Protein chains: 2
Amino acid sequence: MTVMSHRPFSQALDQLGAAGLRPTRQRLALAKLLFDGCNRHLSAEQLHGEALASNIRVSLATVYNTLHQFTAAGMLREIIVDAGRSYFDTNTSDHHHFYYGKSGRLEDIPGHLVALSKVPQAPAGMPIRRVDVIVRVDG
Amino acid sequence: MTVMSHRPFSQALDQLGAAGLRPTRQRLALAKLLFDGCNRHLSAEQLHGEALASNIRVSLATVYNTLHQFTAAGMLREIIVDAGRSYFDTNTSDHHHFYYGKSGRLEDIPGHLVALSKVPQAPAGMPIRRVDVIVRVDG
DNA sequence: GTGATTGCAAATCTTTTGCACTAAA
DNA sequence: TTTAGTGCAAAAGATTTGCAATCAC
C-alpha cells in the first residue's frame, strides 16, 4: 500500500543544509509553506501569493530562485503541463498526474496505479531521465 | 506493423475546407510546409522561419493563428514538453514522445510501443481527453 | 459588397538578469 | 570580513490582441 506521504518540513531543512543552501528567512518561510502540510502543486506566482498572504516579505524573483534551487536539490519536481507556466510538485516520488485543463489543477496518480511497459530504449546509450504520464481531463 | 504515415497535403486541404477555413495564400503555404513531407514537430517560430526561408510572406501572428486553427480542426496536435514553448505535431494518431532536453528535439514513439494499463478513472464522469507519455532523455 | 483574414505594433504574461544592498557564516 | 542571498526594476522571450488594410467568396 503506497501512502505517498509528503516530505516533512524537518527533512526539508536537512536537505537544505545538505545542498549547501543557507537557511535564510525567505527559504525557511517558503519551505514551511511548501512542506509543512500535504503534497502540493504550485506555480511561482501562487507561492508568492501565499507568502504575501502570510505576511512573509519575499520578492517574486526570490521565489523563482528558491523553487529552482529546491528542485535542483531534489526537494521539488517541476511539472510541465501547460505552455507558459511551470508547476512545482512537493511529491518527488515515482508518480504521475491528472491535469484538469479548465481549472489548471494537478492531481497525483500514485506510480503503482500506472503500468508502463515496453517503453523503447532511447537511442545510443542515452539514459532515460524520467517518464511523465499526463492524463488530461476536461474539468 | 504500424507505419505512422503522415497526413498528405491533399487531405489537409480537405480538412481545411471541412473546418470552414478559407484556403488563403498563407494557410495553403503553411499547410504545404507542414503536411507535404514526413511528420514534423515544429514551434511557431520555426515554422515562421521556414516560411520566410521559402519566400512566403507571412507574419508570426498569422503563423500562431494558423497553428491554433489547424489544431482545433484536428490537423495538428499541440505538444507541451517545455515551459515557455509549444510544439505542434503533424502526427495526430495515437502515439507518444521522446524529448531530448538538451537539443529540444521531439521524436515520435508509436502508440503500440507503449502499453499503459490501469490508468485510474478521472473523478465524477469527467472524460479523459488524452494521455500524454513523455520519455525525457538527456541528449 | 461583406465578412473573414492578415499584418503590424503594442500589450501581456511568465521567467530571467544585473546589480546594489543585506544577511549568514 | 567575506561570500551567499535578496530585492528591485529592467530585460527577455513567447504568445496574444486591437485595429486598419486586404482578400476570398
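So that the names make sense, note that chain A is the first sequence line, chain B the second, and so on, each numbered from 1. A quick note: this is a predicted structure, and the numbers were derived from the prediction, not measured.
Residues A:T62 and A:Q26 have side chains that never bring a donor and an acceptor to within less than 3.5 angstrom of each other. For the residue pair B:H112/B:D94, the side-chain donor-acceptor check at 3.5 Å is not satisfied. A side-chain N or O of B:D108 and one of B:H41 form a donor-acceptor pair less than 3.5 Å apart. Under the 3.5 Å distance criterion, with hydrogens and angles disregarded, no donor-acceptor pair is assigned to the side chains of B:H97 and B:D132. For the residue pair A:E78 and A:S86, a side-chain donor N or O sits within less than 3.5 Å of a side-chain acceptor on the partner.
In this structure a side-chain-to-backbone donor-acceptor pair under 3.5 Å is present from A:R136 to A:V81. Using modelled atom types, one side-chain atom of A:Q46 and one backbone atom of A:S43 make a donor-acceptor pair closer than 3.5 Å. Side chain of B:R27 to backbone of B:R22: a donor-acceptor contact under 3.5 angstrom is found. Under the 3.5 Å distance criterion, the side-chain polar atoms of A:H95 are matched with a main-chain donor or acceptor of A:S93.
Taking only side-chain nitrogens and oxygens, A:Y64 never comes nearer than 4.0 Å to OP1 or OP2 of C:dT16. Between B:S59 and C:dG7 there is a side-chain polar atom (N or O) within less than 4.0 angstrom of OP1 or OP2. Residue A:Q26 has no polar side-chain atom (N or O) positioned under 4.0 Å from OP1 or OP2 of C:dA23.
For the pair B:L47 CG and D:dT15 P, the interatomic distance rounds to 12 Å; values are reported in whole Å. Summarising the geometry, the separation between CG on A:L67 and C1' on C:dT14 is reported as 13 Å, rounded to the nearest angstrom. Between the CG atom of B:L52 and the C1' atom of C:dG7 there is a distance of 13 Å, given to the nearest Å. Look at CG on B:L42: it is 16 Å from C1' on D:dA14, rounded to the nearest Å. Following rounding to the nearest Å, A:Q46 (CD) and C:dC13 (C1') show an atom-to-atom distance of 15 Å. Between the CD atom of B:Q69 and the P atom of D:dT16 there is a distance of 12 Å, rounded to whole Å. With rounding to whole Å, A:L30 atom CG is found 14 Å from D:dG5 atom P.
Closest of all the heavy-atom pairs between A:V137 and B:P127 is CG1-O, 3.7 Å.
Residue B:R27 places its side chain closer to C:dT5 than to any other of D:dG7, C:dT5, D:dA14. Nearest nucleotide to the side chain of A:L60, out of D:dG7, C:dT15, D:dG5: C:dT15.
For the helix from C:dG1-D:dC25 to C:dA25-D:dT1, the end axes, each set by the C1' atoms of five terminal pairs, are bent relative to each other by 30° (nearest 10°).
DNA chain C is contacted by no residue of residues 77-88 of chain B, taking any non-hydrogen atom closer than 4.0 Å.
Side-chain atoms of B:R105 and B:E107, non-hydrogen and from C-beta on, do get closer than 4.5 Å to each other.
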With sugar-phosphate taken as primed atoms, P, OP1 and OP2 and all else as base, the protein-contact string of nucleotides 17-25 of chain D at under 4.0 Å (heavy atoms; B, S, -) is B------BS
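A salt bridge between A:R77 and A:D89 is absent, with no side-chain N of the basic residue lying under 4.0 Å from a carboxylate O of the acidic one.
Residue B:H68 is in sugar-phosphate contact alone, with no base atom involved, counting any heavy-atom pair closer than 4.0 Å across all strands shown.
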